K.L.:
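Dropping a structure here in structure tokens format, bear with me for questions.
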Number of protein chains: 2
Amino acid sequence: MEKNIKILSAEPASAKPSTPPSRLKITEALKVLLRDKDFNSITTAEISRMAHVNEALIYRYFIDKRGLLHAVLSDYLQEFVANLTFDLKGIHGAINKIQKFVWASIHYYDDDRVFSKIQLLEVRNFPGYFDSETYQMVRKYAGLLMEIIEEGIESGDIRNDIAPSSIRQLILGAIEHCCLPAIIFDHKIDNDAMADNLCEILFHGITRKI
Amino acid sequence: MEKNIKILSAEPASAKPSTPPSRLKITEALKVLLRDKDFNSITTAEISRMAHVNEALIYRYFIDKRGLLHAVLSDYLQEFVANLTFDLKGIHGAINKIQKFVWASIHYYDDDRVFSKIQLLEVRNFPGYFDSETYQMVRKYAGLLMEIIEEGIESGDIRNDIAPSSIRQLILGAIEHCCLPAIIFDHKIDNDAMADNLCEILFHGITRKI
DNA sequence: TTTATTATGTAAGTATATATTACTTATACT
DNA sequence: AGTATAAGTAATATATACTTACATAATAAA
């Protein structure tokens, strides 16, 4: 009993000496392999070989192969949400914030294709994912957007006759689906153009006025 | 040689006696199993048991387990695209057509959850999918929408200062992402409300006018 | 220094799944 | 009847995720 308490208190949240080096080697190895192959085609043997680590170590640090994938995604999301939260600071008005939110999201998907592949292609087919800690990070990301929308409705910048959740889902879906072809067929994204196009439709609609 | 001709000509497109009964049993069995389990968790043994068919028959009629999944999805898409094409007939104006397109898409996702699960969750993690015949059906579906958008730009109903492909991607992504929670967490969709919300944003934007 | 603990390393093995093979039986056509 | 094709099957090959049981090295506590 006392042992457990000791272990926990021995890891201050500030410094992070807790992460074992082999654990890191494993996550990095999976990232490298995911650049060229899909998750299902990557074997645990391959991961351990690439990480210069014994195969059984994967199961010491992660529940299973999928748990490892979730852990990798979780790291990405943690960083993404932290950056995005910071980037939104100091921006005034819901419209400007949404513009930034859209641009930054596209930027992140464009910037790290391993992240985008995991997030958009690899995790959703696994039912357990939506009960996972990792998925809670996605909810946090979506929550950021929701707050902005509600702020916009409050201030009168955004119409109050549409459910905020509909607006949120439309934005998130639009971002993902706009990035998807580039991720699947592996070509570059014109970040500015895509964000502008998307926001223009979002803010003013597709119908021609007058 | 003559034999092949005979075989082909012996299958008039009207009647469809060509499909071997066991092949149909297999696809139906997979559909049933997909109601409760994800594709990865379903074994070929399970499929054959459910279909009352020998396991090896799966590999006679389909390339592999994934090929079977693609075949099932292909059937769904064939029907969906055919229905949608018909449903759009007689509707005047791009705006009305888009409204119908959105409503019908949501309806189809809501109506058959096996279809939606395959389409939105199960196939995208497999790289080969995007080279498959089945994916060409998806492109056909997206093509229908693209035609409407171009018609709308032509007629002046839709703004001509945004790339049509951006509009298409936004619409498709919005539809999918709005349906996704209901599919994942298995609850009903309010088809009318969702379509109206989505189209309202799409046509007029989220900013408050005046 | 001794002891305990934790991190790491490894070999061998299990269980389960996909897919193949080689072969048999039924059906349909000429 | 005879032939070709479709349908059916058992046995097996092969690969892979995951487990077990144990060994070693480093570190920290006593």
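Every heavy atom of this structure was used, including side-chain atoms; hydrogens, water molecules and symmetry mates were not. Just so it is clear: chains get the letters A, B, ... in the order the sequence lines come, proteins before strands, and each one is counted from 1. This is a predicted model, so every value here is computed, not measured.
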K.L.:
Would you mind telling me which of C:dA17, C:dA19, D:dT19 lies closest to the side-chain atoms of B:Y59?
P.N.:
C:dA19
K.L.:
Which residue in the set A:F86, A:Y108, A:F101 passes ring-ring contact (aromatic ring centres under 6.0 Å, His included) when paired with A:F80?
P.N.:
A:Y108
K.L.:
How long is the line joining CZ of B:R49 and P of C:dT16, in whole Å?
P.N.:
12 Å
K.L.:
When you measure from the side chain of A:A56, which nucleotide among D:dC18, C:dT10, C:dT18 comes out closest?
P.N.:
C:dT10
K.L.:
Please determine if A:E28 and A:K25 form a salt bridge, counting it only when a charged side-chain N lies under 4.0 Å from a carboxylate O.
P.N.:
no
K.L.:
Below the 4.0 Å mark, does C:dA17 have OP1 or OP2 next to a side-chain nitrogen or oxygen of B:T43?
P.N.:
no
K.L.:
If I take atom NZ in residue B:K65 and atom C1' in nucleotide C:dT20, what distance separates them, rounded to the nearest angstrom?
P.N.:
17 Å
K.L.:
Round to the nearest Å and state the distance from B:H52 atom NE2 to D:dT9 atom C1'.
P.N.:
17 Å
K.L.:
Just by modelled atom types, is the A:L77 backbone N or O under 3.5 Å from a matching donor or acceptor in the A:K140 side chain?
P.N.:
no
K.L.:
When the distance from CD of A:E46 to C1' of D:dA17 is rounded to whole Å, what number comes out?
P.N.:
14 Å
K.L.:
Looking only at side-chain N and O atoms, does A:T44 come under 4.0 Å of OP1 or OP2 in D:dA17?
P.N.:
yes
K.L.:
Taking atom C1' of D:dG8 as reference, at what distance in whole Å does atom CD1 of B:I47 sit?
P.N.:
18 Å
K.L.:
For the side chain of A:E55, counting heavy atoms from C-beta on, which of D:dC18, D:dT9, C:dG9 is nearest?
P.N.:
D:dC18
K.L.:
May I ask you to say whether B:R124 pairs ionically with A:E176, meaning some side-chain N is under 4.0 Å from a carboxylate O?
P.N.:
no
K.L.:
Take the protein atom CG of B:N54 and the nucleotide atom P of D:dA6, then report the distance between them rounded to whole Å.
P.N.:
18 Å
K.L.:
Is it the case that the side chain of A:Q169 and the backbone of B:H177 share a donor-acceptor pair, with hydrogens and angles ignored and the cut-off at 3.5 Å?
P.N.:
yes
K.L.:
Look at the side chain of A:R60 and decide which nucleotide, out of C:dT18, D:dA7, D:dC22, has an atom nearest to it.
P.N.:
D:dC22
K.L.:
Within this structure, what is the CD1-to-C1' distance between A:I42 and D:dA15, rounded to whole angstrom?
P.N.:
16 Å
K.L.:
Can you tell me how far P of D:dA6 sits from OH of B:Y61, to the nearest Å?
P.N.:
8 Å
K.L.:
Do any side-chain nitrogens or oxygens of A:S22 fall under 4.0 Å of OP1 or OP2 in C:dG9?
P.N.:
yes
